[in-house]
Number of protein chains: 2
Amino acid sequence: MTKKVDAKGRVSVPSAFRTVLTRLDIRDLYVFQDFVFPAISIAGPEVLERFERHIDQGDPFSMEANKMSLLIHGGGVFMKLDGEGRLVVSDFIRDFAGITDQVTFVGRGDYFQLWEPSALTRMQDETRRERMEQSVRST
Amino acid sequence: MTKKVDAKGRVSVPSAFRTVLTRLDIRDLYVFQDFVFPAISIAGPEVLERFERHIDQGDPFSMEANKMSLLIHGGGVFMKLDGEGRLVVSDFIRDFAGITDQVTFVGRGDYFQLWEPSALTRMQDETRRERMEQSVRST
DNA sequence: TAAAATCCCATTGACGCCCAATTTTGCCCA
DNA sequence: TGGGCAAAATTGGGCGTCAATGGGATTTTA
């Protein structure tokens with residue numbers, strides 16, 4: 001699901017994703033740096049709370065928990081779509097995800113990600129290779 | 001079972017495959033990139049759910065689980081057939097399977113695949129050759 | 001007050017849905 | 001066994017709707 005960024009730096013969020021958002025009655029989007037990938041994750045506030053709960057389950061003094069907390073709170077901003085369901089691709093998004101003029105949308109249930117197209121395929125190819133090697137080993 | 005893509009980019013799914021789908025009462029199709037072959041696999045939504053359940057068993061923040069999620073969610077879309085049982089061959093399908101104007105259908109029990117015709121024969125030849133070499137070694 | 005962000009509207013294009021024409025298939029009968 | 005026929009499948013294309021796009025106009029902010 002790849003879309004072009006227009007001259008004003010906007011991308012229209014595919015209607016499939018917008019449908020999910022409206023069904024969940026989400027108007028304000030929390031846009032943050034993904035925990036493991038060079039991608040931007042976009043979710044409603046309640047998903048944010050879920051992440052926080054998960055972090056709270058761990059050791060509050062662990063490096064892991066603190067890093068994640070930092071990513072969530074320090075690495076995110078609130079945004080909203082314009083009347084036509086478009087999102088402004090800010091420098092925050094461009095820099096972290098390496099996006100220039102194309103964005104690939106990846107839905108993940110109740111939230112979705114923005115990827116630089118080739119970065120996504122690279123990561124997917126890498127994962128496929130790993131899976132292949134695994135199955136070879138188990139032969 | 002090779003079919004041509006029409007001027008509008010559609011292929012009619014052979015009735016044999018559609019029969020299977022209707023028998024399983026599948027209206028929405030989960031169309032995803034095959035894990036091992038350069039082909040598109042098409043199945044019902046329950047296949048995606050099975051994948052998701054498998055992922056949910058692990059740590060949602062682990063690299064492992066996230067990579068699998070990326071493969072599943074980033075490599076699959078939902079589609080449905082038109083009134084005459086045709087499927088639009090989107091860029092998503094074309095790019096991954098290398099399909100241009102012809103599609104070969106391969107049934108695999110409860111799901112089926114879309115192949116670029118020559119890619120399928122190449123893969124079959126390769127497999128045949130490997131089997132030959134195996135039998136020679138074991139002689 | 002200039003630049004940027006936001007809102008608004010017109011146009012384009014893609015897609016779903018429909019109907020008609022044509023081809024293929026399975027079956028019956030001479 | 002070879003037609004002939006009816007049903008089913010496939011194919012081609014028209015048309016309306018809505019998402020996507022492009023470009024002003026207007027407001028906000030620094």
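Worth saying up front: this structure is predicted, and the values here are computed from it rather than measured. Letters go in sequence order (proteins before strands), and every chain restarts at 1.
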Expected list for residues 7-17 of chain A: side-chain donor-acceptor pairs under 3.5 angstrom, two or more places apart:
| unit_1 | atom_1 | unit_2 | atom_2 | d |
| --- | --- | --- | --- | --- |
| A:Arg10 | NE | A:Asp6 | OD2 | 2.8 |
| A:Arg10 | NH2 | A:Asp6 | OD2 | 3.2 |

- Comparing B:Ala16 with A:Val5, nearest DNA chain D nucleotide closer to 5' gives the residue B:Ala16

Kindly write out the residues that satisfy side-chain contact (heavy atoms from CB on, under 4.5 Å) with [X], not counting sequence neighbours, or none if the list is empty.
{"X": "B:Glu64", "answer": "B:Ser62"}
{"X": "A:Asp91", "answer": "A:Arg94, A:Asp95"}
{"X": "B:Tyr111", "answer": "B:Ser41, B:Ala43, B:Arg108, B:Gln113"}

- Query: Which residue pairs satisfy the salt bridge (Lys or Arg N to Asp or Glu O under 4.0 Å) criterion with at least one member in residues 28-51 of chain B, sequence neighbours excluded?
  - Reply: none

In whole Å, what is the span from the [atom1] atom of [X] to the [atom2] atom of [N]?
{"X": "B:Arg27", "N": "C:dC17", "atom1": "CZ", "atom2": "C1'", "result": "14 Å"}
{"X": "A:Lys4", "N": "D:dG22", "atom1": "NZ", "atom2": "C1'", "result": "11 Å"}
{"X": "B:Lys3", "N": "C:dT23", "atom1": "NZ", "atom2": "P", "result": "15 Å"}
{"X": "B:Asp6", "N": "C:dA14", "atom1": "CG", "atom2": "P", "result": "15 Å"}
{"X": "B:Met1", "N": "C:dT24", "atom1": "CE", "atom2": "P", "result": "14 Å"}

Which pairs of donor and acceptor atoms, one on a side chain in residues 73-81 of chain B, lie under 3.5 Å apart (sequence neighbours left out)?
| unit_1 | atom_1 | unit_2 | atom_2 | d |
| --- | --- | --- | --- | --- |
| B:His73 | ND1 | B:Ser69 | O | 3.1 |
| B:His73 | ND1 | B:Ser69 | OG | 2.9 |
| B:His73 | NE2 | B:Glu52 | OE2 | 3.0 |

- Atom CD1 in B:Ile40, atom CH2 in B:Trp115: separation rounded to 0.5 Å? 11.0 Å

- Item | Candidate nucleotides D:dG22, D:dG12, D:dT10, ranked by approach to the side chain of B:Pro14 - the nearest | D:dT10

- Hey, is the side chain of B:Ser12 poking within less than 4.0 Å of OP1 or OP2 on D:dT11, counting only N and O atoms? yes

Give the table of side-chain donor-acceptor pairs shorter than 3.5 Å for residues 83-90 of chain B, with sequence neighbours excluded, one pair per line with atom names and distance.
| unit_1 | atom_1 | unit_2 | atom_2 | d |
| --- | --- | --- | --- | --- |
| B:Glu84 | OE1 | B:Arg86 | NH2 | 3.3 |
| B:Arg86 | NE | B:Asp82 | OD2 | 3.0 |

- Message: Suppose we screen for salt bridge (charged side-chain N to carboxylate O under 4.0 Å, His left out). Which residues come up paired with B:Lys67, at least two apart in sequence or across chains?
- Response: A:Glu126, A:Glu130

- Message: Just to verify, what does A:Arg128 make a salt bridge (charged side-chain N to carboxylate O under 4.0 Å, His left out) with, not counting sequence neighbours?
- Response: A:Asp125

- Using five pairs at either end of the helix from C:dT1-D:dA30 to C:dA30-D:dT1, determine the angle between the two local helix axes and round it to 10 degrees. 30°

- Message: Could you check whether B:Ser118 and B:Glu116, counting side-chain N and O atoms only, form a donor-acceptor pair closer than 3.5 Å?
- Response: yes

- Residues of residues 92-100 of chain B with any non-hydrogen atom less than 4.0 angstrom from an atom of DNA chain C: list those, numerically ordered, please. none

- When every nucleotide of nucleotides 4-11 of chain C is labelled 5' to 3' by its protein contacts under 4.0 Å (heavy atoms), B for base, S for sugar-phosphate only, - for none, what sequence of letters results? --BBBB--

